[in-house]
Amino acid sequence: MRIRVECGAAKSADGPLRFVLGDFTIEVDDLLDRWYGDDADYFRVRGGDGHLYVLKHLRNGDAWELTSFTRHGSRGTSVGTRTPRVLH
């Protein structure tokens, strides 16, 4: 999902300060993680609403996308199981 992002003076190098998602402007409270791909930079942030977001900055074209959302208090999903699963 394309989003509009405001960054600090050094553009995406400082990370996002706030972003617009639909009708809502979400302030970034914490930059939790960042990593770099071949053609994009990724930022895991905690919004002022308490939710977690992963924002993707595409270097070519200077575009931003929301790539992941985790609701505050969500338990997420578990990859492991208690017993082995047999698939036929």
Side-chain angles (χ1 to χ4, degrees):
M1 168 185 282
R2 293 277 173 147
I3 58 173
R4 196 176 58 204
V5 176
E6 287 183 38
C7 294
K11 299 238 179 189
S12 67
D14 289 340
L17 299 174
R18 68 189 55 81
F19 59 98
V20 178
L21 184 59
D23 294 334
F24 300 98
T25 298
I26 300 168
E27 299 290 328
V28 172
D29 280 355
D30 292 311
L31 175 60
L32 303 172
D33 195 7
R34 73 172 11 156
W35 61 97
Y36 304 98
D38 291 334
D39 60 347
D41 303 326
Y42 297 85
F43 301 86
R44 183 185 327 268
V45 300
R46 177 176 290 110
D49 55 7
H51 303 311
L52 301 177
Y53 301 87
V54 176
L55 309 177
K56 178 180 180 180
H57 177 242
L58 298 160
R59 287 186 225 116
N60 290 341
D62 195 29
W64 288 84
E65 296 177 357
L66 172 66
T67 60
S68 178
F69 167 80
T70 304
R71 181 176 301 280
H72 175 70
S74 172
R75 295 175 60 197
T77 58
S78 176
V79 188
T81 59
R82 293 182 186 192
T83 59
R85 289 180 15 179
V86 178
L87 301 176
H88 297 278

Task: Nearest atoms (heavy-atom pairs only) where R2 meets A63 - done: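 Smallest heavy-atom distance, with atoms named: NH1-CB, 2.9 Å.
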Open item on the list: Can you give me the closest heavy-atom contact between A40 and L58, atom names plus distance?
Closed with: CB-CD2, 4.1 Å
TODO: Starting from the C-alpha separation in whole Å, work towards a yes-or-no answer on side-chain contact (heavy atoms from CB on, under 4.5 Å) for D62 and H57.
DONE: CA-CA 7 Å; D62 195 29; H57 177 242; 2.6 Å; yes
Open item on the list: Can you confirm whether R59 is buried at CZ, in the sense that more than 12 heavy atoms of other residues, nucleotides or ligands lie under 6.0 Å from that atom?
Closed with: yes
Open item on the list: So for atom CG, which belongs to N60, do other residues, nucleotides or ligands contribute more than 12 heavy atoms lying within a distance under 6.0 Å?
Closed with: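 Open.
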Open item on the list: Before you tell me yes or no, could you show the steps for F43 and C7 under side-chain contact (heavy atoms from CB on, under 4.5 Å), namely the whole-Å CA-CA distance, both residues' side-chain angles and the distance that decides it to 0.1 Å?
Closed with: CA-CA 12 Å; F43 301 86; C7 294; over 6 Å; no
Task: Pair F69 and H51, ring centroids less than 6.0 Å apart - done: yes
Task: side-chain contact (heavy atoms from CB on, under 4.5 Å) assessment of H72 paired with D49 - done: CA-CA 8 Å; H72 175 70; D49 55 7; over 6 Å; no
Open item on the list: Donor-acceptor check, side chain of R71 to backbone of G50, threshold 3.5 angstrom: yes or no?
Closed with: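 No; zero donor-acceptor contacts below 3.5 Å.
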Task: D30, D29, T70 screened by side-chain hydrogen bond (donor to acceptor under 3.5 Å, both in side chains) with R46, the one that passes - done: D30
Open item on the list: Would you compute the distance between atom CG of D39 and atom NZ of K56 and round it to the nearest 0.5 angstrom?
Closed with: 6.0 Å
TODO: Run through D41, L31, V45 and flag the one making a side-chain contact (heavy atoms from CB on, under 4.5 Å) with L55.
DONE: V45
Task: Single-linkage hydrophobic cluster, 4.5 Å side-chain cutoff, I3 and Y53 together - done: yes
TODO: Tell me whether V54 is reachable from F19 by hopping between hydrophobic residues (I, L, V, M, F, W, Y) whose side-chain heavy atoms are closer than 4.5 Å.
DONE: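 As far as the 4.5 Å side-chain criterion goes, V54 and F19 are not connected within one cluster.
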Run the side-chain donor-acceptor check on residues 21-28: report pairs under 3.5 Å with partners two or more places apart or on a different chain.
from : atom 1 : to  : atom 2 : distance (Å)
E27  : OE1    : R18 : NE     : 3.2
E27  : OE1    : R18 : NH2    : 3.4
E27  : OE2    : R18 : NE     : 3.0

